[in-house]
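See structure below.
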Number of protein chains: 2
Amino acid sequence: MSSNKVTIGISCGDLNGIGIEILIKIFKHKDLLESCTPVLYCPIKALNYYKKKLGFNNFGYVEIQKIENKIPGLLNIIPIINHDIDIKPGRVDKLLGKLALESIDMVMSDIDKGSVDVFVTLPINKATVSKYSQGFKGHTEYITQKLNHNGKSLMFLCSEKLKIATVTNHLKLSKVSKTITKKILEQKIEIIINSLINDFLVEKPRVAILALNPHAGDSGLIGSEEIDILIPFINNYKHECSVLVGPFSSDAFFGSKNYKNFDAIIGMYHDQSLIPFKLLSFGSGVNYTAGLKTVRVSPDHGVAYEISGKNIADESSLKAAIKMGVKIFLNRQKIQI
Amino acid sequence: MSSNKVTIGISCGDLNGIGIEILIKIFKHKDLLESCTPVLYCPIKALNYYKKKLGFNNFGYVEIQKIENKIPGLLNIIPIINHDIDIKPGRVDKLLGKLALESIDMVMSDIDKGSVDVFVTLPINKATVSKYSQGFKGHTEYITQKLNHNGKSLMFLCSEKLKIATVTNHLKLSKVSKTITKKILEQKIEIIINSLINDFLVEKPRVAILALNPHAGDSGLIGSEEIDILIPFINNYKHECSVLVGPFSSDAFFGSKNYKNFDAIIGMYHDQSLIPFKLLSFGSGVNYTAGLKTVRVSPDHGVAYEISGKNIADESSLKAAIKMGVKIFLNRQKIQI
């Protein structure tokens, strides 16, 4: 049963969303199974529901009881047992928040045992998950805290067109300004540079920093964070093999296509980074959590309730995520050699 | 000397920026002169400098002393006299801030007399202009205050692909949240709806509202402004011929191309609206100030010092701005009939 393939642990996400549909669409073809062995932690009932609903009756999978029994060349399922499940695509269902969380925890337990190479999370509904995990902000924060790798990580959005991170993540906009400090910038930049070097094999990373305020604060006329924090931080930055440039007025930066001149970009807050990323990645973007010992990736979209169960969901982003996860895992091994 | 053409009053902007270069590039062809009569308020020396520098020696213009003497079919110049001018493309020059402001004031004086149909502003350097006008935030705020039409206006970014406005404009990010109130939303939505109907002849406007917080606040998990302000505002909105929809999670809104389903979009802050606008308008976007009695337009870029005087600046945005200004002026006349 052993294999040199990369082992992918997959949490099932919200079962009324599009997660299982796009997963089936990917693994009904054999191509990705050449490079990885996927293990999904999921109620069998849910998988069978979508197989039938979407007309993928011939789709094959194998049920296993523990990850050590995984079989290459197939989608492996470690079942979550719950008799109350009632799949209704598109419906908000509190129970499914509980199961989504259980699935994440099961993968993390196998990560702790060293049995998972790449962690892939299918989309969840934060509102239902948070009923079972107080203060739950999102996958990135939850996984970072639980896996406890220094408590530090970075949401790093990656596509063919650009790589972009955000200093603050699922944080209310009113709190962003106060959260931008020299310390957090140091933490995030360290992660981004290490990730570019070790995960993406960029030898001398060039990273652009976006300004917090409109027009990069216009010399202090519109906010002082650039003068007080960002510019001194960039001017004092010294690293033997990387370069920081900025702070750039974010609208002009994207409008002028300046983003093409950098290996990565870091924005100050979620929407500043996510809006251009989603516009430019055209549905095949990957949400990568940099800075963890375990490679964790996810598609860059949510549960998409409105199209769930209709066989119209696009699997491109999940496919790109799995491919990138495998690539990063293999790149890290090259670096270690 | 009379003409049915639309009279365009043009402020000269920062003379070390690309403004005069792109203006010459537009009016050295005759096509736009068929529909409008441009009047530029500018030192003659600056115009001659760029004519020579860029090799446009045959470019013709006419110097006039007052707007009533304007000549159709040519670029008219009302001179600003200053013997200390020393044009050096790309250089920050305090004196040019003074002249840029003087030019804006001269156009506004002629607007007050009813002699200008459309006001076109060439890009300025806010830092130098603000030396001569305390608290200067930008053209939009300055012109709105001076022309004193209820003190209300809206920066409305328009291109072939989308129309998008922003509730707050040149405001530091840390102040955005507190500025989002029912009152300001009412003001801005009123302007946007009136503009769509009267300026762009949209019969039943559909307008999308972007959320303030990431993921539209995720049911209150990431900020409460959506629940406290935006959702009640949208639910209580009643207007006989327009529809408001939202608040949308802004990254997903653009990523899913949902923006194509609306006549206009309104974001909560500058970069939230300007990043997607500049990415989607591909250099031909127009900055239109809606809500004023006078039509005011400008290109959507700045002085671009780094390319000034090199004959590589792209005039597309200014050309689109002038065309749109003329169109809006003519549309308003149709509505009045």
Side-chain angles (χ1 to χ4, degrees), chain A residues 125-127 130 135-138 157 166 168-178 180 210-215 217-225 249-257 259 267-283 285 300-302 304 317, chain B residues 125-127 130 135-138 157 166 168-178 180 210-215 217-225 249-257 259 267-283 285 300-302 304 317:
Chain A
N125 179 339
K126 286 197 194 76
S130 67
F136 185 91
K137 292 279 184 192
L157 290 310
T166 168
T168 62
N169 189 354
H170 297 120
L171 181 71
K172 57 177 86 171
L173 193 84
S174 60
K175 291 226 169 150
V176 168
S177 169
K178 283 190 180 161
I180 303 298
L210 301 181
L212 178 75
N213 291 300
H215 302 213
D218 248 333
S219 310
L221 292 174
I222 317 172
S224 61
E225 291 88 345
S249 171
S250 60
D251 58 333
F253 182 78
F254 290 104
S256 64
K257 299 188 172 39
Y259 64 88
M268 295 298 114
Y269 53 93
H270 184 278
D271 285 5
Q272 189 184 38
S273 296
L274 271 284
I275 292 173
F277 179 74
K278 292 205 173 172
L279 269 172
L280 289 166
S281 66
F282 295 112
D300 74 343
H301 55 71
S317 176
Chain B
N125 179 340
K126 287 196 193 79
S130 67
F136 185 91
K137 293 277 185 193
L157 290 310
T166 169
T168 63
N169 189 354
H170 296 120
L171 181 70
K172 57 178 85 171
L173 193 82
S174 60
K175 292 227 170 148
V176 168
S177 168
K178 283 190 181 162
I180 303 298
L210 300 182
L212 178 74
N213 291 300
H215 301 212
D218 247 333
S219 309
L221 291 175
I222 318 173
S224 62
E225 292 88 345
S249 171
S250 60
D251 59 334
F253 183 78
F254 290 104
S256 64
K257 299 190 170 40
Y259 65 88
M268 295 299 114
Y269 53 94
H270 185 277
D271 285 5
Q272 189 183 39
S273 296
L274 271 285
I275 292 173
F277 179 74
K278 292 204 173 173
L279 268 172
L280 289 166
S281 65
F282 296 111
D300 74 345
H301 55 71
S317 176

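Sequence lines set the chain letters: A, B, ... in the order given, protein chains first and strands last, and positions in each chain run from 1.
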inquiry  = We want to know whether S177(B) and E225(B) form a side-chain donor-acceptor pair, criterion being a heavy-atom distance below 3.5 angstrom.
reply    = yes

ask   = Side chain, backbone, both or neither: which part of K175(B) has an atom under 4.5 Å from a heavy atom of chain A?
value = neither

ask   = For the candidates L274(B), L210(B), I222(B), which exhibits the highest count of non-hydrogen atom pairs separated by less than 4.5 Å from chain A?
value = I222(B)

query = Under a 4.5 Å cut-off applied to non-hydrogen side-chain atoms, are N213(B) and K172(A) in contact?
reply = yes

ask   = chain A heavy atoms under 4.5 Å from N169(B): which part of the residue, side chain, backbone, both or neither?
value = backbone

key: Side chain proximity check, Q272(A) to I275(B), heavy atoms < 4.5 angstrom   = yes

key: Proximal component of L280(B), with respect to chain A [non-hydrogen, under 4.5 Å]   = side chain

task = Supply the atom-to-atom distance H170(B) NE2 to F136(B) CZ, rounded to the nearest 0.5 angstrom.
result = 9.0 Å

task = Answer with side chain, backbone, both or neither: which region of L171(A) has an atom nearer than 4.5 Å to a non-hydrogen atom of chain B?
result = backbone

task = Measure distances from S174(B) to the heavy atoms of chain A and classify the residue's part below 4.5 Å as side chain, backbone, both or neither.
result = both

Interatomic distance, S219(B) atom OG to K126(A) atom NZ [nearest 0.5 angstrom] = 10.0 Å

query = What part of F277(A) is in contact with chain B, defined as an atom under 4.5 angstrom from a non-hydrogen atom: side chain, backbone, both or neither?
reply = neither

inquiry  = Quick check on L221(B) against chain A: is it the side chain, the backbone, both or neither that has a heavy atom closer than 4.5 Å?
reply    = both

key: Test side chain to side chain donor-acceptor pair (under 3.5 Å) applied to S249(B) and D251(B), step by step   = CA-CA 6 Å; S249(B) 171; D251(B) 59 334; 3.0 Å; yes

ask   = Checking T166(B) side chain against S273(B) main chain: does a donor-acceptor pair fall under 3.5 Å?
value = no

query = Angle class for the H215(B)/H270(A) ring planes (parallel below 30°, perpendicular above 60°, tilted otherwise)?
reply = perpendicular

ask   = F253(B) versus chain A, heavy atoms under 4.5 Å apart: side chain, backbone, both or neither?
value = neither

request  = Go through G285(B), G255(B), P214(B), G223(B) and name the one with the most non-hydrogen pairs under 4.5 angstrom from chain A.
outcome  = P214(B)

ask   = Any idea which of A127(B), A211(B), P276(B), S224(B) has the most non-hydrogen atom pairs under 4.5 angstrom with chain A?
value = P276(B)

inquiry  = Heavy-atom cut-off 4.5 Å, strictly under: side chain, backbone, both or neither for S250(B) against chain A?
reply    = both

